[in-house]
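First comes the structure, then the notes that go with it.
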Amino acid sequence: MTWILENWERFWEVTAVHLRLSIVPVLAGFALSIPLGWFASRSAKARAVLFPLANVLFTIPSIALIVITPILIGVKILDEINVIVPLVIYTVALMVRSVSDALAAVPGNVIAAANAMGYRPLRRFLTVDFPLALPVTIAGLRVATVSNISMVSVGALVGLGGYGQLFTEGYQTDHTEKVLAGLIGTVVLAVLADGLLLLIGRLLTPWARAGR
Amino acid sequence: MIEFRAVTKRFEDGTIAVDELDLTVEAGTITVFVGPSGCGKTTSLRMVNRMIDPTSGTILVDGRDVLTVDPPTLRRGIGYVIQQAGLFPHRTVLDNVATVPLLSGWDKRRARTRAAELLEIVGLDPAFGKRYPAQLSGGQQQRVGVARALAADPPVLLMDEPFSAVDPVVREDLQNELLRLQAELDKTIVFVTHDIDEALKLGERVAVFRKGGHLAQYAKPQELLSAPANDFVASFVGRDRGYRTLTFLHADVPVHPVATAKLGERITVADWTLVVDEQNRPKGWLSGVDGEVEVGEDDLVSGGSLYDGSSLRGALDAALSSPSALGVVVDDAGAVTGVVKADDVIQALAKARAAGEVPK
Amino acid sequence: MIEFRAVTKRFEDGTIAVDELDLTVEAGTITVFVGPSGCGKTTSLRMVNRMIDPTSGTILVDGRDVLTVDPPTLRRGIGYVIQQAGLFPHRTVLDNVATVPLLSGWDKRRARTRAAELLEIVGLDPAFGKRYPAQLSGGQQQRVGVARALAADPPVLLMDEPFSAVDPVVREDLQNELLRLQAELDKTIVFVTHDIDEALKLGERVAVFRKGGHLAQYAKPQELLSAPANDFVASFVGRDRGYRTLTFLHADVPVHPVATAKLGERITVADWTLVVDEQNRPKGWLSGVDGEVEVGEDDLVSGGSLYDGSSLRGALDAALSSPSALGVVVDDAGAVTGVVKADDVIQALAKARAAGEVPK
Amino acid sequence: MGAWLFDPAHWSGPTGIPVRLLEHLGYTLLTLLIAAVIAIPLGAFVGHTGRGGFAIVGLSNALRALPTTAVLILVVLWAGLGDFPVYVALVLLAVPPIMAGTYAGVRAVDPMAVDAARGVGMRESGVLLNVEIPNALPLIYGGFRGAALQVVATATIAAYTGAGGLGRFVFDGLALQEFGQMLAGAVLVALLAVLVDLGFAGLQRLTVSPGLRPAGTGGKR
Amino acid sequence: GGDPLAGSGNNEPAPTDTIVVGSANFPESRLLAEIYAEALSAKGVKVSKKLNIGNRELYYKGVQDGSIDLIPEYTGVLLKHINKDATEVGSDEVYAALKKALPQNLVVLDKSAAEDKDAVVVTKQIAAQYSLKSLDDLVPYCKDLAFGGPPEFQNRPDGLSGLKAKYNCEFKEFKSLDVGGPVTVAGLKDNTVQAANLFTTDYAIKANEFVVLEDPKNVFAAQNVLPLINEKKASQQVRDTLNAISRKIDTKTLLDLNQKLAGPDKPEPEKVAKEWLAGAGI
Ligand SMILES: Nc1ncnc2c1ncn2[C@@H]1O[C@H](COP(=O)(O)OP(=O)(O)OP(=O)(O)O)[C@@H](O)[C@H]1O
Ligand SMILES: Nc1ncnc2c1ncn2[C@@H]1O[C@H](COP(=O)(O)OP(=O)(O)OP(=O)(O)O)[C@@H](O)[C@H]1O
Ligand SMILES: [Mg+2]
Ligand SMILES: [Mg+2]
């Protein structure tokens with residue numbers, strides 16, 4: 001802890017990087033997984049393709065993905081996009097299933113009621129299906145966010161990792177405190193983000209706690 | 001008016017849910033579809049608003065073939081009350097009710113005002129508007145479901161076992177509420193249930209379905225009771241057919257005078273005497289005894305059901321349930337106006353039969 | 001025998017679910033707890049096998065205070081049929097039924113043999129034994145639930161709305177099955193329902209609960225009908241009390257001879273004539289006409305319900321539902337033995353009342 | 001990558017692909033075993049009693065936040081080289097999904113079935129072992145298989161501390177700028193993950209009661 | 001290229017007048033980068049830092065594609081990186097060859113006297129047991145010993161292949177460890193490996209009383225510290241400043257600085273760099 005206090009500025013700096021590197025992929029991945037998850041919830045064939053694919057993508061070691069990405073998409077080796085793209089892939093791999101499950105769990109009679117009242121598909125999705133899928137989706141998003149925050153550190157391999165920097169440095173100088181500082185930072189960030197999402201989820205789904 | 005013309009529905013797996021259905025639902029009436037589980041009631045209903053499309057045949061709503069109308073547009077003009085209400089759990093009661101007006105492009109304010117009115121119409125305190133469905137009891141949810149279906153003032157209302165999830169007491173309330181509403185609103189209502197009592201109570205006409213999607217009989221309730229088309233209908237309509245037939249007969253039964261007494265009075269009671277309170281409302285019967293007695297609470301034999309002039313059924317039951325075999329007749333204020341006898345009811349029934357008032 | 005002595009249950013949130021309940025369930029009878037939703041029926045039932053412990057008071061099962069017995073041991077000796085069956089989805093039907101014997105240490109073989117027997121007893125083909133609960137219909141699941149509760153041959157059976165999840169037709173089957181079983185097995189059964197018809201049909205005695213966990217009345221069904229203890233019971237028991245009372249009266253009604261004719265016969269019909277088939281089974285009524293006619297199917301007025309000598313209710317309904325006002329009486333083979341008249345039923349009722357057979 | 005992968009020289013010897021595959025599998029299986037022994041009882045207990053659910057979800061999310069590399073480094077700094085730090089890091093990774101799956105699974109068991117279990121006279125242990133766990137198995141497997149995927153993918157980092165496994169190819173390939181080798185390593189990892197998942201899917205099929213299969217596959221109706 | 005998603009921060013292309021200083025991901029490189037950056041900004045040059053960029057394979061690409069402009073380097077390894085077949089080992093020859101080998105847009109400035117070479121290191125116990133002083137002494141025992149080093153050491157000419165070619169030393173086993181970092185140190189200490197690749201200025205050598213084996217056949221080329229810089233950014237002022245630093249640094253300085261970094265209070269390189277600059281009067 002003393003390291004954090006003594007090097008507040010540096011700690012703050014890596015925190016900012018870490019935060020950016022984890023929030024961007026979460027948002028992008030979440031946005032991508034909504035249409036994909038919707039598709040999966042509708043079609044068994046789509047599920048049969050998307051879910052195993054997500055599993056396989058998820059198992060590609062992050063180091064490999066981070067190093068290969070610039071070769072594949074042709075950006076500069078030190079660009080943050082090299083960390084962001086793999087993390088987006090992981091986020092989508094995690095979230096497709098959550099979104100699909102969440103949508104599939106929307107009660108059938110509610111959907112039938114919406115159809116019967118004359119909702120057209122897009123509007124129904126935006127105002128009925130998706131809001132009702134939110135609690136489960138947000139539970140998935142919490143996991144994805146936390147995983148992202150934890151995984152960003154791998155980016156230190158290419159000089160980008162936020163707290164990951166502290167791990168490498170601490171490690172090379174046999175400086176446990178520095179590693180701990182990064183660890184604490186990561187966990188605190190994750191817990192805060194998790195709590196924030198929990199809170200947002202509650203604000204967005206006031207009905208979920210209505211009644212008993 | 002809703003017309004089914006040779007409508008058949010065969011599902012992909014080969015199940016024939018509805019088989020060559022021909023049936024006309026008159027405008028402004030409640031028509032009930034009744035039948036055992038899986039006989040195609042829901043399927044028939046859902047073909048009206050195109051939640052399901054028929055395999056063959058035509059369905060006309062007010063003369064227009066539903067297949068020619070874009071489904072969402074069609075549905076906004078047809079109220080649909082789904083089993084267990086099917087409310088949107090994520091919207092307040094008020095917003096649930098306002099759904100269809102908003103979909104049809106009303107502005108928010110007007111839709112909400114209308115929704116609040118509707119809550120009152122279905123007998124809910126407007127304060128419930130701010131709650132979420134999960135905060136309501138089953139019966140209250142059903143009312144919201146009805147209000148929601150009524151919101152755009154559609155001429156046609158489809159109701160699929162709307163009251164099946166509530167207990168019998170609440171259910172009776174809801175049924176009465178529906179009858180009251182219909183008397184005001186005069187919609188064309190198709191009501192699905194598998195409870196024959198509910199069907200007989202609510203339906204101006206009842207369609208009895210049997211397994212495989214066949215229409216076994218389509219008739220007025222009293223006709224189902226007195227002249228079931230076949231054994232299936234007879235057994236489905238169940239026992240007590242004769243007794244139930246009385247529900248639909250409103251022939252006059254002679255009201256006889258009855259000896260009454262007030263609590264605390266000293267009287268001689270030769271025969272059964274009806275004890276009443278200050279407002280002349282029945283308290284119980286005093287059986288005949290020798291000599292003079294003071295009328296006390298403890299001597300009363302409590303009393304049987306009361307007859308308010310509604311139907312022969314009520315009259316007979318009042319007589320049957322009374323310890324004196326005399327059914328107590330009361331007026332709207334609950335005051336005693338006389339008594340009826342079972343024999344008179346049976347004669348009234350015979351007279352009604354002779355007059356052709358009981359369908360054959 | 002099960003005794004509730006001043007039993008009160010107050011939940012942690014302050015709800016008083018059962019309030020000073022005093023009640024004795026006789027051994028070898030079916031006792032029904034009935035009442036509106038939330039009135040404490042389930043809570044009362046579950047205190048018997050200690051699924052819930054009372055806040056105060058004592059419950060004795062066959063003279064032993066249940067609180068002195070270790071709950072799992074107690075429960076193995078008390079069959080419990082739960083709402084919607086509550087079967088174990090991961091076990092086959094046979095293994096579901098064998099649960100309690102296995103828990104009680106029977107060897108597997110014996111437990112399974114017993115389970116297979118029980119499936120037959122509750123009217124299920126033993127072939128169902130290998131299926132999983134999800135592969136059964138609702139009614140079949142209920143039967144398995146009953147079989148499971150019976151497996152260890154417990155003297156006491158608790159049944160909590162066991163038939164509420166099935167449709168009315170299946171429900172009636174299950175009720176009849178239960179009555180048949182009980183006639184054989186002679187258990188002490190406590191049965192919970194909120195359906196008053198079910199209560200009146202099954203209960204040798206019925207306990208009517210009202211909100212707040214109060215016992216409103218505890219009596220034989222006919223007593224509830226003819227002498228409800230208060231307005232709550234009267235309104236809960238519902239209309240038709242007088243008519244229903246007849247269910248419990250088996251007084252003799254005079255059977256009158258009736259003119260019969262066979263199809264194709266040429267006869268003169270002065271008055272209503274009952275047309276029968278070769279086995280003397282009723283086909284329908286022919287109304288009186290002038291002159292000789294040939295009896296043809298088309299002239300028949302179909303027939304009203306039949307009276308098989310069961311209770312005054314059946315006799316009255318047969319008479320009321322008959323176009324001739326004459327209720328057809330049939331024997332076990334379905335052959336006509338005569339007719340009954342509504343007037344006679346009413347007189348029989350009066351006689352029964354006078355003889356004190358109708359509780360006051 | 002293909003060239004590297006199909007070069008017979010890479011398929012033999014103590015640093016060949018088969019040995020690395022087995023090492024990787026070894027890390028994975030032992031990690032999962034240890035994690036299951038920790039996480040299943042914990043999740044099941046909390047699910048059964050219903051107390052501490054909020055804490056379990058929070059704890060498992062906090063555990064998920066631990067960067068595996070950092071844990072690995074810390075344990076190496078404290079306890080030195082060897083397999084121990086690898087297992088610590090991987091077990092910490094595997095515990096949250098298994099625990100969350102078990103907890104959710106036990107919670108999701110039909111309350112009627114649980115009630116019935118008590119009603120027929122099962123003791124609490126019996127309720128948990130004979131009813132709740134068997135019924136929760138599909139979700140337990142869900143968590144377990146998720147954990148397996150993650151562990152297979154992450155066991156790569158064992159190479160970071162000089163240990164074996166398929167991560168060797170990834171790290172060496174990275175250091176040597178031999179992307180063929182690195183990609184081959186990554187593909188082998190993904191392949192192994194799929195195989196391991198298939199293996200557990202088979203195990204799931206064998207051990208989960210047919211009565212719990214989604215409607216339609218549970219036999220004829 | 002700019003990443004529209006990443007928002008502001010490190011990632012915007014640096015304005016042309018700013019020098020982006022990079023470093024490899026080991027402490028000495030970071031320290032040297034800090035020294036360069038600090039000195040330059042003291043002279044009024046606009047500087048931004050992008051430190052800890054993995055290994056040479058990565059950051060060299062960064063220098064090439066303009067992601068960074070300046071990075072501390074070592075003559076020998078850099079030469080080998082650019083030209084795999086380079087054979088020069090002497091300090092001046094290497095420097096000369098390096099200058100020639102560099103692509104157009106990159107230049108190296110003056111080399112310093114400070115050298116941080118690869119070396120084969122053993123523990124005191126092993127040195128005593130086999131009486132080892134130089135790599136020549138090791139030759140008979142190579143086949144019995146496990147060797148630890150970074151993965152890339154296996155294939156490098158100034159790695160295992162060099163040892164084999166020049167000394168005919170083939171180890172029983174090679175274990176991939178880290179690049180002269182704590183894993184390697186730990187490997188030596190717990191005898192997982194008996195000999196390992198460390199760097200001569202590593203404070204761990206002194207701290208653990210490891211023995212650096214002499215390299216009479218010069219497998220390991222000279223490794224003088226010098227700045228590698230983007231030609232366009234190498235204004236005269238920048239050159240002067242960096243050359244002045246190179247003049248002040250020798251191997252002893254590096255050893256002292258590394259010792260400081262590894263000291264019990266683990267100071268940040270930035271702080272150590274400032275102190276040294278102040279002391280050196282630059
Ligand atoms: N989508 C479908 N695919 C195949 N068969 C179906 C489908 N929907 C309904 N069925 C079958 O069609 C028949 C009629 O179903 P329907 O839902 O109309 O019955 P119902 O009379 O409403 O029954 P309930 O009283 O149980 O609601 C049943 O046999 C049912 O299994
Ligand atoms: N665990 C509990 N904690 C607090 N209140 C409870 C609890 N269980 C039941 N109650 C309350 O006790 C009352 C009686 O409940 P009980 O389940 O016995 O009713 P019931 O007569 O069986 O109703 P139903 O017909 O709906 O099954 C209700 O008001 C119910 O809300
Ligand atoms: Mg239906
Ligand atoms: Mg209950």
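Here is how names work: the chains are called A, B, and so on, in the same order as the sequence lines, proteins then strands, and each is numbered from 1.
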Selection from [options] maximising heavy-atom pairs under 4.5 Å formed with chain D:
options	answer
A:Ile60, A:Val191, A:Asn55	A:Asn55
A:Val152, A:Val146, A:Leu166, A:Asn148	A:Val146
A:Val56, A:Ile149, A:Thr176	A:Thr176

Discussion item. Checking side-chain polar atoms at under 3.5 Å, does A:Thr145 have a donor or acceptor matched by the opposite partner on A:Asp194?
Written reply: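 Short answer, no.
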Worksheet entry | Residues A:Arg20, A:Glu80: salt bridge by 4.0 Å N-O rule |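 So A:Arg20 pairs with A:Glu80 through a salt bridge.
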Discussion item. Taking the basic N atoms (NZ, or NE/NH1/NH2) and the acidic carboxylate oxygens, is any pair closer than 4.0 Å for A:Glu169 and A:Arg10?
Written reply: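 Result for this pair is yes, salt bridge flagged.
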Chain A contact via [X] - side chain, backbone, both or neither, heavy atoms under 4.5 Å:
X	result
D:Val57	side chain
D:Val152	neither
D:Thr156	side chain

Practice prompt. Select one option (side chain, backbone, both, neither) describing which atoms of A:Leu198 are under 4.5 Å from chain D's heavy atoms.
Written response: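 The side chain, not the backbone.
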Practice prompt. For chain A, find which of D:Leu74, D:Leu63, D:Val170, D:Val194 contributes the most heavy-atom pairs closer than 4.5 angstrom.
Written response: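 So the answer, after comparing D:Leu74, D:Leu63, D:Val170, D:Val194, is D:Leu74.
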Fill in: Audit row: D:Phe200, D:Phe144, ring pair (Phe, Tyr, Trp, His ring centres under 6.0 Å) steps and yes/no
CA-CA 9 Å; D:Phe200 285 127; D:Phe144 192 79; 4.9 Å; yes
Discussion item. Could you check whether any side-chain N or O of A:Ser43 sits under 3.5 Å from a backbone N or O of A:Phe39, counting only pairs where one atom can act as donor and the other as acceptor?
Written reply: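 Here the side-chain-to-backbone pair does not exist.
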Worksheet item: What residue among D:Asp110, D:Val114, D:Val109 forms side-chain contact (heavy atoms from CB on, under 4.5 Å) with D:Met112?
Response: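 Per the side-chain contact (heavy atoms from CB on, under 4.5 Å) rule, the option paired with D:Met112 is D:Asp110, out of D:Asp110, D:Val114, D:Val109.
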